[in-house]
Protein chains: 2
Amino acid sequence: MPPPPPGTEPGPRTASVARRPTLKDVAGEAGVHPATASRALNPGTRHLVNDETAQRVLQVADTLGYQPNPIARSLKTARSASIGLVIPDLTNPLFPPIVRGIEDVLGGVGYNAWIVNTDNDPARETAAVESLRSRSVEGFVFATGRLHHPFIERLAAGGTPTVLVNRRLAVSDIPSVTGDDAGGVAIAMRHLVDLGHRRIVHLAGPQDLSTGVNRLRAFRQALEDHGLEDSPARLKLCSAWAESAGAKAVTELLDDGVEFTAVLAGNDLLALGCYDALAGRGLSCPGDVSVVGFNDMPFVDKLSPPLTTVRIPHYELGAEAAHLLLERLRAPDRTTRSILLPLTLVDRQSTAPPRLL
Amino acid sequence: MPPPPPGTEPGPRTASVARRPTLKDVAGEAGVHPATASRALNPGTRHLVNDETAQRVLQVADTLGYQPNPIARSLKTARSASIGLVIPDLTNPLFPPIVRGIEDVLGGVGYNAWIVNTDNDPARETAAVESLRSRSVEGFVFATGRLHHPFIERLAAGGTPTVLVNRRLAVSDIPSVTGDDAGGVAIAMRHLVDLGHRRIVHLAGPQDLSTGVNRLRAFRQALEDHGLEDSPARLKLCSAWAESAGAKAVTELLDDGVEFTAVLAGNDLLALGCYDALAGRGLSCPGDVSVVGFNDMPFVDKLSPPLTTVRIPHYELGAEAAHLLLERLRAPDRTTRSILLPLTLVDRQSTAPPRLL
DNA sequence: CTGAAAGCGCTAACAC
DNA sequence: GTGTTAGCGCTTTCAG
């Protein structure tokens, strides 16, 4: 049965008019004490009450359209069936699927997520978390992790159930769900090497983020594995995951006369900037240079050429993070663990002509 | 001063250890009654208390790091300084900027937004709204409006402060903030006509949404204004704002031998599908057909050719919606009004060769 | 101007 | 099994 239409209820049979029915109303109508009604309504305590009485209470609650008041419940229990979800920037297409994954899992067990946007501002982050804690959220999922992040470290150390998603901290005892960046870089590099590339450039992302350092480290490892020279000139550190940073890096490479036939971009936005810079110099892609990105953002299949990229299962990242947090809420003392999800190469240029070196 | 680091407070001088200080703690420390402390802490009632005492209370609250408990406050006042924000699909890049606009404005006056994703599912919507109402949100912003939407109509009619953003309802007494679709279509059509187009097709969006019908109506109006024939063949109704729907529509047009040199797509996703279908038939763009979209989604400037589109100021839409709702919360009886924000053409093909008809 | 007392709606000891 | 009581932390009458 759908909940009663808001604002237009004819009113329960009790005296009051348009007020939402309270537990006391239900109890009164069912002829029991509010405490009994509470026990009957609560699945966890229902066994404490006579089966018949319980049924009657449920029945009355249903006809009255009773909905427990979560505020009152929170005040009493200091729990809220909700968690905080801290996102650096919702307009980055990376994050909405993570949010969806988290919400879907939480929703399945009656939990909600408070979503907050920090805009990458630590002050906003601390303020938001403080505000959420005062609302008795039971735990947090952070998508804002930095390698060194004292605030989250303290929060977790203080016993607040905390899970990281997409990005990890350097201290590793906080559970996290991330993509297997090392594995992703490995398949991307193998792809490039298989195409014949020997001079591959890496546009590395911010080195205060686990994604940035892990992909860079894996890039170096891959160079070694494939017997390629690890030339400092073929590495560009980008200070932000932004198109402009990618464009700047590639422009500098070209200006410096660095020779390369392929680019492993730390993510798709850097790859986009790379496209821009190459086009700006009249270089064709993949004719002159092959580019591989990271994330498989929406619409990168519409670029010309379509961007080959390493797909990260963001929805699943979120779903797993939610599971991890729920598990932690149920069994706070279980040892923590982190989850690495496999990445896959989305090859959109497999029909491209072999590289001319 | 930053809030005390979570979980590691040395503890206030009162007996308790890691507990958050309560109003009673502050009152005790300041040597006043909790009620007085409450009055002093609350800007609205501060004038009721002696200036010195008030200062002392504020001082103590500060050193103790006191943060009022919003749950207790909500239980007492049935207010929450928060509103519900109902989004059909957060992964649609349209909506995150709206969310940001709303949050920025609300945050400025101490309000929060609960964001819920309905996934376009009415059942999820009613459930989410019910849940938010029970959390005492003070009002709602809906981005899920449909022309006929009994649920929202009842909610608003029942007195719940409600604002629509991006999409309106047919009943117009619910305040809304939307883009000026008619104006947007007019400039888009003028653009196409100025390029020399006479046979222009419209891919119309869902006709249960205000955006869909308004753009279609404006398209017809523009045909009339420019003295162009309003041929039913040059109109395609798409049942969803989706790439696939746009592709299907254009494919059908081509199959049916409909002659056209330009397409006004109801939004960018339909335009994307249009690109696909044209490419699939070996037609070049803008060589053979010009396309104009709607929204200026991220990265449509990266398509080839870059998509000319009507930009909707989504962030501002959100910001205005928040203002409207806040105004409504403050003065519930003021007459409602709706806001139309101007749209602008983002011409990315102005250098394109003139059309060969 | 301040204190006392009540109560928002619910749950958890503790009786019976 | 069920009722009684108390209280989560706050605001708001009502006295004084």
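Below, read A as the first sequence line, B as the second, and so on, with proteins coming before strands; counting in each chain starts at 1.
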Quiz item: Atom CG of N42(B) and atom P of dC10(D): how far apart are they, to the nearest Å?
Solution: 11 Å

Exercise. Report yes if the side chains of T144(B) and E125(B) come closer than 4.5 Å at any heavy-atom pair, otherwise no.
Key: yes

Exercise. Output yes when at least one side-chain N/O atom of S38(A) is less than 4.0 Å from OP1 or OP2 of dC10(C), else no.
Key: no

Quiz item: In degrees rounded to 10°, what angle is found between the helical axes fit to the five outermost pairs at each end of the helix from dC1(C)-dG16(D) to dC16(C)-dG1(D)?
Solution: 40°

Quiz prompt | Between S80(A) and S82(A), a side-chain donor and acceptor under 3.5 Å | solution = yes

Quiz prompt | Side-chain donor-acceptor pair present, R39(A), T45(A), cut-off under 3.5 Å | solution = no

Quiz prompt | Heavy-atom donor-acceptor pair, D89(A) side chain to T91(A) backbone, under 3.5 Å | solution = yes

Exercise. Show your reasoning for whether side chain to side chain donor-acceptor pair (under 3.5 Å) applies to S176(A) and S338(A).
Key: CA-CA 5 Å; S176(A) 65; S338(A) 290; 3.1 Å; yes

Exercise. Give a yes or no on whether the backbone of L90(A) and the side-chain of N117(A) come within a donor-acceptor separation of less than 3.5 Å.
Key: yes

Quiz item: Would you call the rings of F140(A) and F142(A) parallel, tilted or perpendicular if under 30° counts as parallel and over 60° as perpendicular?
Solution: parallel

Quiz prompt | Heavy atoms from other residues, nucleotides or ligands near CZ of R79(A) exceed 12 (cutoff 6.0 Å) | solution = no

Practice problem: Indicate, with a heavy-atom threshold strictly under 4.0 Å, whether R79(A) touches base, sugar-phosphate, or nothing. | Solution: sugar-phosphate

Quiz item: Tell me, for nucleotides 2-9 of chain C in 5' to 3' order, what letter each nucleotide earns: B for a base near a protein heavy atom under 4.0 Å, S for only sugar-phosphate near one, - for neither?
Solution: BBBB-BBB

Self-check item: D25(B) CG - dC8(D) C1' separation (whole Å)
Solution: 13 Å

